[in-house]
Amino acid sequence: MEGEEKDFQEQPDCVAEMGEDAVTSVGASPLPPVMTEEERQELQEELAKVEDEIQTLSQVLAAKEKQLADIKRKLGITPLNELKQNITKTWQEVTTSTAYRRTSETLSQASLKATAAFSNMGSAISKKLEDVRNAPTFKSFEEKVETLKTKITPTGSTSAPSNQEDGVPETTDSLISQSEGPPTQDAPMQ
(Lines give C-alpha, C1' and ligand atoms only; values in the text may rest on other atoms or scores of the structure.)
Protein backbone atom coordinates (compact mmCIF):
# COMPACT_ATOMS: atom_id res chain seq x y z
CA MET A 1 0.00 0.00 0.00
CA GLU A 2 2.86 2.38 0.54
CA GLY A 3 3.78 2.09 -3.14
CA GLU A 4 0.24 3.02 -4.16
CA GLU A 5 0.26 6.01 -1.83
CA LYS A 6 3.60 7.12 -3.21
CA ASP A 7 2.31 6.89 -6.82
CA PHE A 8 -0.82 8.76 -5.81
CA GLN A 9 1.24 11.53 -4.23
CA GLU A 10 3.55 11.85 -7.25
CA GLN A 11 0.70 11.99 -9.75
CA PRO A 12 -0.84 15.27 -8.53
CA ASP A 13 2.58 16.91 -8.70
CA CYS A 14 2.97 15.89 -12.35
CA VAL A 15 -0.51 17.13 -13.24
CA ALA A 16 0.15 20.45 -11.52
CA GLU A 17 3.41 20.92 -13.44
CA MET A 18 1.78 20.22 -16.80
CA GLY A 19 -0.43 23.32 -16.55
CA GLU A 20 2.21 25.61 -15.10
CA ASP A 21 5.08 27.42 -16.71
CA ALA A 22 8.42 25.69 -16.24
CA VAL A 23 9.94 28.75 -14.57
CA THR A 24 7.08 28.97 -12.12
CA SER A 25 7.29 25.32 -11.20
CA VAL A 26 11.05 25.53 -10.62
CA GLY A 27 10.69 28.70 -8.55
CA ALA A 28 7.82 27.17 -6.57
CA SER A 29 9.88 24.29 -5.18
CA PRO A 30 11.06 25.20 -1.71
CA LEU A 31 14.48 23.50 -1.78
CA PRO A 32 16.62 22.75 -4.84
CA PRO A 33 17.35 19.09 -5.29
CA VAL A 34 20.69 17.92 -4.03
CA MET A 35 23.12 17.65 -6.97
CA THR A 36 26.57 16.41 -7.39
CA GLU A 37 29.25 18.68 -8.77
CA GLU A 38 29.20 16.75 -12.04
CA GLU A 39 25.41 17.26 -12.52
CA ARG A 40 25.81 20.91 -11.72
CA GLN A 41 28.57 21.26 -14.34
CA GLU A 42 26.39 19.56 -16.98
CA LEU A 43 23.49 21.91 -16.24
CA GLN A 44 25.81 24.94 -16.48
CA GLU A 45 26.99 23.77 -19.90
CA GLU A 46 23.41 23.16 -21.06
CA LEU A 47 22.43 26.61 -19.81
CA ALA A 48 25.26 28.19 -21.81
CA LYS A 49 24.20 26.26 -24.96
CA VAL A 50 20.57 27.36 -24.63
CA GLU A 51 21.61 30.98 -24.12
CA ASP A 52 23.82 30.75 -27.24
CA GLU A 53 20.94 29.29 -29.26
CA ILE A 54 18.64 32.07 -28.09
CA GLN A 55 21.18 34.72 -29.10
CA THR A 56 21.71 33.05 -32.49
CA LEU A 57 17.97 32.84 -33.11
CA SER A 58 17.60 36.52 -32.15
CA GLN A 59 20.29 37.46 -34.68
CA VAL A 60 18.66 35.31 -37.39
CA LEU A 61 15.28 36.89 -36.61
CA ALA A 62 16.76 40.41 -36.85
CA ALA A 63 18.36 39.53 -40.22
CA LYS A 64 15.06 38.12 -41.52
CA GLU A 65 13.17 41.23 -40.36
CA LYS A 66 15.71 43.43 -42.19
CA GLN A 67 15.33 41.30 -45.31
CA LEU A 68 11.54 41.59 -45.05
CA ALA A 69 11.75 45.38 -44.72
CA ASP A 70 14.03 45.58 -47.80
CA ILE A 71 11.66 43.47 -49.88
CA LYS A 72 8.65 45.57 -48.80
CA ARG A 73 10.54 48.77 -49.62
CA LYS A 74 11.40 47.44 -53.11
CA LEU A 75 7.76 46.48 -53.69
CA GLY A 76 6.61 49.92 -52.54
CA ILE A 77 4.74 48.59 -49.55
CA THR A 78 4.74 51.26 -46.89
CA PRO A 79 3.48 50.96 -43.33
CA LEU A 80 0.54 53.17 -44.35
CA ASN A 81 -0.36 50.82 -47.21
CA GLU A 82 -0.15 47.87 -44.85
CA LEU A 83 -2.39 49.65 -42.38
CA LYS A 84 -4.93 50.40 -45.12
CA GLN A 85 -4.87 46.76 -46.24
CA ASN A 86 -5.31 45.56 -42.67
CA ILE A 87 -8.21 47.94 -42.11
CA THR A 88 -9.84 46.88 -45.38
CA LYS A 89 -9.39 43.21 -44.53
CA THR A 90 -10.75 43.74 -41.02
CA TRP A 91 -13.74 45.69 -42.37
CA GLN A 92 -14.49 42.90 -44.84
CA GLU A 93 -14.33 40.36 -42.03
CA VAL A 94 -16.65 42.50 -39.91
CA THR A 95 -19.18 43.01 -42.71
CA THR A 96 -19.29 39.31 -43.47
CA SER A 97 -19.79 38.37 -39.84
CA THR A 98 -23.15 37.05 -38.75
CA ALA A 99 -23.56 39.64 -36.00
CA TYR A 100 -23.00 42.53 -38.43
CA ARG A 101 -25.50 41.13 -40.93
CA ARG A 102 -28.12 40.61 -38.24
CA THR A 103 -27.58 44.11 -36.88
CA SER A 104 -27.76 45.72 -40.32
CA GLU A 105 -30.94 43.78 -41.14
CA THR A 106 -32.49 44.88 -37.85
CA LEU A 107 -31.53 48.50 -38.46
CA SER A 108 -32.90 48.45 -42.01
CA GLN A 109 -36.19 47.00 -40.76
CA ALA A 110 -36.32 49.65 -38.04
CA SER A 111 -35.70 52.42 -40.57
CA LEU A 112 -38.46 51.07 -42.81
CA LYS A 113 -40.85 51.02 -39.85
CA ALA A 114 -39.82 54.55 -38.86
CA THR A 115 -40.34 55.79 -42.43
CA ALA A 116 -43.77 54.20 -42.51
CA ALA A 117 -44.63 55.73 -39.14
CA PHE A 118 -43.54 59.22 -40.26
CA SER A 119 -45.51 58.82 -43.49
CA ASN A 120 -48.61 57.77 -41.58
CA MET A 121 -48.14 60.65 -39.15
CA GLY A 122 -47.76 63.12 -42.04
CA SER A 123 -50.91 61.89 -43.75
CA ALA A 124 -52.79 62.01 -40.43
CA ILE A 125 -51.70 65.62 -39.89
CA SER A 126 -52.71 66.53 -43.44
CA LYS A 127 -56.11 64.90 -42.94
CA LYS A 128 -56.57 66.74 -39.65
CA LEU A 129 -55.68 70.08 -41.25
CA GLU A 130 -58.13 69.37 -44.09
CA ASP A 131 -60.82 68.56 -41.52
CA VAL A 132 -60.09 71.83 -39.70
CA ARG A 133 -60.24 73.77 -42.97
CA ASN A 134 -63.58 72.19 -43.88
CA ALA A 135 -65.05 72.94 -40.46
CA PRO A 136 -67.82 75.58 -40.41
CA THR A 137 -65.98 77.69 -37.83
CA PHE A 138 -62.89 77.92 -40.01
CA LYS A 139 -64.98 78.78 -43.11
CA SER A 140 -66.71 81.55 -41.16
CA PHE A 141 -63.33 82.86 -39.99
CA GLU A 142 -62.00 82.67 -43.55
CA GLU A 143 -64.96 84.68 -44.87
CA LYS A 144 -64.41 87.35 -42.22
CA VAL A 145 -60.73 87.61 -43.18
CA GLU A 146 -61.72 87.96 -46.87
CA THR A 147 -64.20 90.69 -46.00
CA LEU A 148 -61.62 92.52 -43.92
CA LYS A 149 -59.08 92.17 -46.71
CA THR A 150 -61.42 93.71 -49.28
CA LYS A 151 -62.17 96.63 -46.96
CA ILE A 152 -58.49 97.37 -46.37
CA THR A 153 -57.40 97.08 -50.01
CA PRO A 154 -58.02 100.31 -52.05
CA THR A 155 -60.40 99.81 -54.94
CA GLY A 156 -58.80 102.40 -57.19
CA SER A 157 -55.92 101.79 -59.50
CA THR A 158 -53.36 99.10 -58.96
CA SER A 159 -50.48 101.52 -59.31
CA ALA A 160 -48.27 102.60 -56.45
CA PRO A 161 -50.26 103.11 -53.28
CA SER A 162 -50.97 106.68 -52.31
CA ASN A 163 -51.71 108.02 -48.87
CA GLN A 164 -55.13 109.56 -49.39
CA GLU A 165 -57.63 110.52 -46.77
CA ASP A 166 -61.08 111.61 -47.86
CA GLY A 167 -59.90 112.08 -51.42
CA VAL A 168 -57.29 114.71 -50.56
CA PRO A 169 -53.83 113.73 -51.73
CA GLU A 170 -51.07 114.27 -49.25
CA THR A 171 -48.13 116.03 -50.68
CA THR A 172 -45.39 117.93 -49.03
CA ASP A 173 -47.10 121.23 -49.99
CA SER A 174 -50.37 120.20 -48.39
CA LEU A 175 -48.61 118.99 -45.29
CA ILE A 176 -46.86 122.33 -44.92
CA SER A 177 -50.07 124.29 -45.45
CA GLN A 178 -51.94 122.15 -42.91
CA SER A 179 -49.42 122.89 -40.22
CA GLU A 180 -49.65 126.08 -38.18
CA GLY A 181 -46.77 127.57 -39.97
CA PRO A 182 -43.27 126.78 -41.03
CA PRO A 183 -40.96 126.20 -38.12
CA THR A 184 -38.51 128.91 -37.48
CA GLN A 185 -34.98 128.44 -36.53
CA ASP A 186 -35.50 130.23 -33.21
CA ALA A 187 -38.42 128.01 -32.15
CA PRO A 188 -37.52 124.50 -31.05
CA MET A 189 -39.31 121.67 -32.81
CA GLN A 190 -41.65 119.65 -30.73
Side-chain angles (χ1 to χ4, degrees), residues 15-16 18-24 58 61-190:
V15 173
M18 289 176 65
E20 295 179 8
D21 192 22
V23 174
T24 308
S58 295
L61 180 62
K64 290 292 182 183
E65 287 176 343
K66 183 180 179 195
Q67 183 183 6
L68 176 70
D70 288 341
I71 292 171
K72 284 183 178 181
R73 184 181 46 80
K74 288 177 184 176
L75 289 174
I77 300 173
T78 62
L80 183 61
N81 289 343
E82 285 186 82
L83 180 64
K84 286 179 184 177
Q85 289 173 355
N86 288 342
I87 289 172
T88 304
K89 182 180 177 185
T90 304
W91 180 248
Q92 287 174 349
E93 289 173 358
V94 167
T95 55
T96 57
S97 71
T98 307
Y100 178 83
R101 283 186 281 146
R102 286 181 185 163
T103 304
S104 64
E105 289 171 5
T106 303
L107 290 176
S108 66
Q109 290 174 358
S111 68
L112 289 175
K113 288 179 182 179
T115 303
F118 286 135
S119 174
N120 290 341
M121 187 173 68
S123 63
I125 290 172
S126 297
K127 185 176 186 280
K128 198 63 156 171
L129 288 174
E130 189 65 34
D131 291 346
V132 167
R133 190 166 185 198
N134 291 333
T137 309
F138 185 79
K139 287 194 176 208
S140 171
F141 176 74
E142 189 177 34
E143 288 171 3
K144 289 178 183 176
V145 168
E146 279 295 321
T147 305
L148 184 63
K149 182 179 171 187
T150 55
K151 286 182 180 178
I152 292 175
T153 308
T155 56
S157 66
T158 57
S159 63
S162 62
N163 296 330
Q164 296 181 357
E165 285 186 40
D166 298 328
V168 179
E170 283 189 21
T171 62
T172 53
D173 294 335
S174 64
L175 287 174
I176 292 174
S177 64
Q178 287 177 1
S179 65
E180 295 176 5
T184 62
Q185 290 182 1
D186 296 334
M189 292 180 66
Q190 295 182 5

Any chance you could measure S140, atom OG, to K144, atom NZ, to the nearest 0.5 Å?
4.5 Å
Heavy-atom donor-acceptor pair, N134 side chain to E130 backbone, under 3.5 Å:
yes
Rounded to the nearest 0.5 Å, how far does CG of N81 lie from CG of N86?
11.0 Å
Applying side-chain contact (heavy atoms from CB on, under 4.5 Å), run through K72 and L68 and close with a yes or a no.
CA-CA 6 Å; K72 284 183 178 181; L68 176 70; 4.0 Å; yes
Rounding to 0.5 Å, atoms CD1 (I152) and OG1 (T147) come to a distance of 11.0 Å
Separation between NZ of K128 and OG of S123, rounded to the nearest 0.5 Å
13.0 Å
Please round to the nearest 0.5 Å and tell me the distance separating atom NZ of K84 and atom OG1 of T78.
7.5 Å
Drop me the distance from Q92's CD to S97's OG, to the nearest 0.5 angstrom.
12.5 Å
Checking the side chain of T95 only, and the main-chain atoms of W91 only, is there a donor and an acceptor separated by less than 3.5 Å?
yes
Using modelled atom types only, decide if a donor and an acceptor are shared between the side chain of S119 and the backbone of T115 within a distance under 3.5 Å.
no
